[in-house]
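Shown next, in structure tokens, is the structure this report addresses.
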Amino acid sequence: ADACNTDPNCGSWALLQYMALATVGHRETAARRVKAMPPSAFKDAGGNGHSLTNTLYYIATRPKVKNPITLPQSDINADAQLSGSSSSAASSASSESDAACGVGTCTSEVLNAIADGHTCRSRIHWMTTHESMSDLEACAFISNEYPDACGACNPEGSL
């Protein structure tokens, strides 16, 4: 995926990577990236006969992954650029456990919500640095502990 992050003309071969990305737990990211592909990507060899519609259907029907793989920083930065965020915002957000929850509903608004005096983001970050939890464990713990403010960041699904 790194090669396609640095080469905007990666072409239709990225399509297969995005389908795999959905399979390992990042359906929203995969769908966003597929929608940004040029129509020609579905017509050459890398597109392998897939249409935009059937690719989005494939992505949408991947089962929810309980513990999605953590994306490398280069993928997080590429996704931030695709969604219109600045790279400085992406790096500051990832420094305190941003996209690590792997849930499309875990937005910056939710991460910045106050839960008993601290943001959901800072609580998740604290759990990963002081309690040796993985990002996903911290997201699940905090979203269960503070469901009203942080519940949308639950990687285990809706509460």
Side-chain angles (χ1 to χ4, degrees), residues 1-6 10 12-37 41-42 46-85 89-91 93-113 115 119-129 131-159:
D2 282 343
C4 289
N5 289 340
T6 58
C10 185
S12 58
W13 294 104
L15 177 65
L16 301 173
Q17 292 180 351
Y18 299 155
M19 292 168 78
L21 188 63
T23 303
V24 297
H26 298 281
R27 293 182 302 193
E28 293 85 6
T29 299
R32 189 170 33 256
R33 291 181 183 185
V34 166
K35 289 177 187 176
M37 294 181 79
F42 300 94
N48 201 26
H50 295 286
S51 68
L52 174 60
T53 302
N54 114 300
T55 302
L56 292 174
Y57 175 80
Y58 176 86
I59 290 169
T61 58
R62 296 307 88 207
K64 184 165 178 69
V65 175
K66 186 172 182 175
N67 295 310
I69 64 163
T70 302
L71 295 176
Q73 187 62 43
S74 59
D75 276 347
I76 293 168
N77 290 343
D79 201 47
Q81 289 174 349
L82 185 63
S83 64
S85 301
S91 63
S94 65
S95 68
E96 282 200 0
S97 188
D98 217 32
C101 293
V103 183
T105 56
C106 189
T107 62
S108 291
E109 184 178 337
V110 174
L111 288 166
N112 292 329
T119 65
C120 299
R121 180 191 322 273
S122 65
R123 289 186 174 284
I124 291 167
H125 180 68
W126 193 90
M127 297 303 285
T128 60
T129 57
E131 296 296 323
S132 300
M133 288 186 177
S134 71
D135 290 335
L136 292 174
E137 291 170 329
C139 291
F141 182 85
I142 295 301
S143 64
N144 286 321
E145 193 75 15
Y146 302 95
D148 292 338
C150 310
C153 289
N154 191 343
E156 297 172 354
S158 301
L159 297 175

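Along the sequence shown, residues are numbered consecutively beginning with 1.
Asn154 has its side chain within reach of Asn144: a pair of non-hydrogen atoms, C-beta onward, lies under 4.5 Å apart. Leu52 is not listed as a side-chain neighbour of Met37, based on a closest heavy-atom distance of 4.5 Å or more. No side-chain heavy atom of Asn67 sits less than 4.5 Å from a side-chain heavy atom of Pro155.
Closest heavy-atom contact between Ala152 and Thr105: O-OG1, 2.6 Å. Between Val110 and Ala149, the shortest heavy-atom distance links the atoms CG1-O, 3.6 Å. His26 approaches Ile69 most closely through the heavy-atom pair NE2-O, 2.6 Å.
Remark: Leu21 CG to Leu16 CG distance equals 12.5 Å, nearest 0.5 Å. Interatomic distance, His50 NE2 to Met19 CE, rounded to the nearest 0.5 Å: 4.0 Å. To the nearest 0.5 Å, the span separating NZ on Lys66 from CG on Leu136 amounts to 10.5 Å.
Judged purely by atom type and a 3.5 angstrom limit, Arg62 has no side-chain atom pairing as donor or acceptor with the backbone of Arg27.
Just one of His125, Arg121, Met127 meets the side-chain contact (heavy atoms from CB on, under 4.5 Å) condition when paired with Ile142; it is Met127. Each of Val34, Thr29, Thr55 was evaluated against Tyr18; a single residue qualifies, Val34, per the side-chain contact (heavy atoms from CB on, under 4.5 Å) test.
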Is there a disulfide bond (SG atoms under 2.5 Å apart) between Cys153 and Cys106 once you walk through the steps?
CA-CA 4 Å; Cys153 289; Cys106 189; 1.9 Å; yes
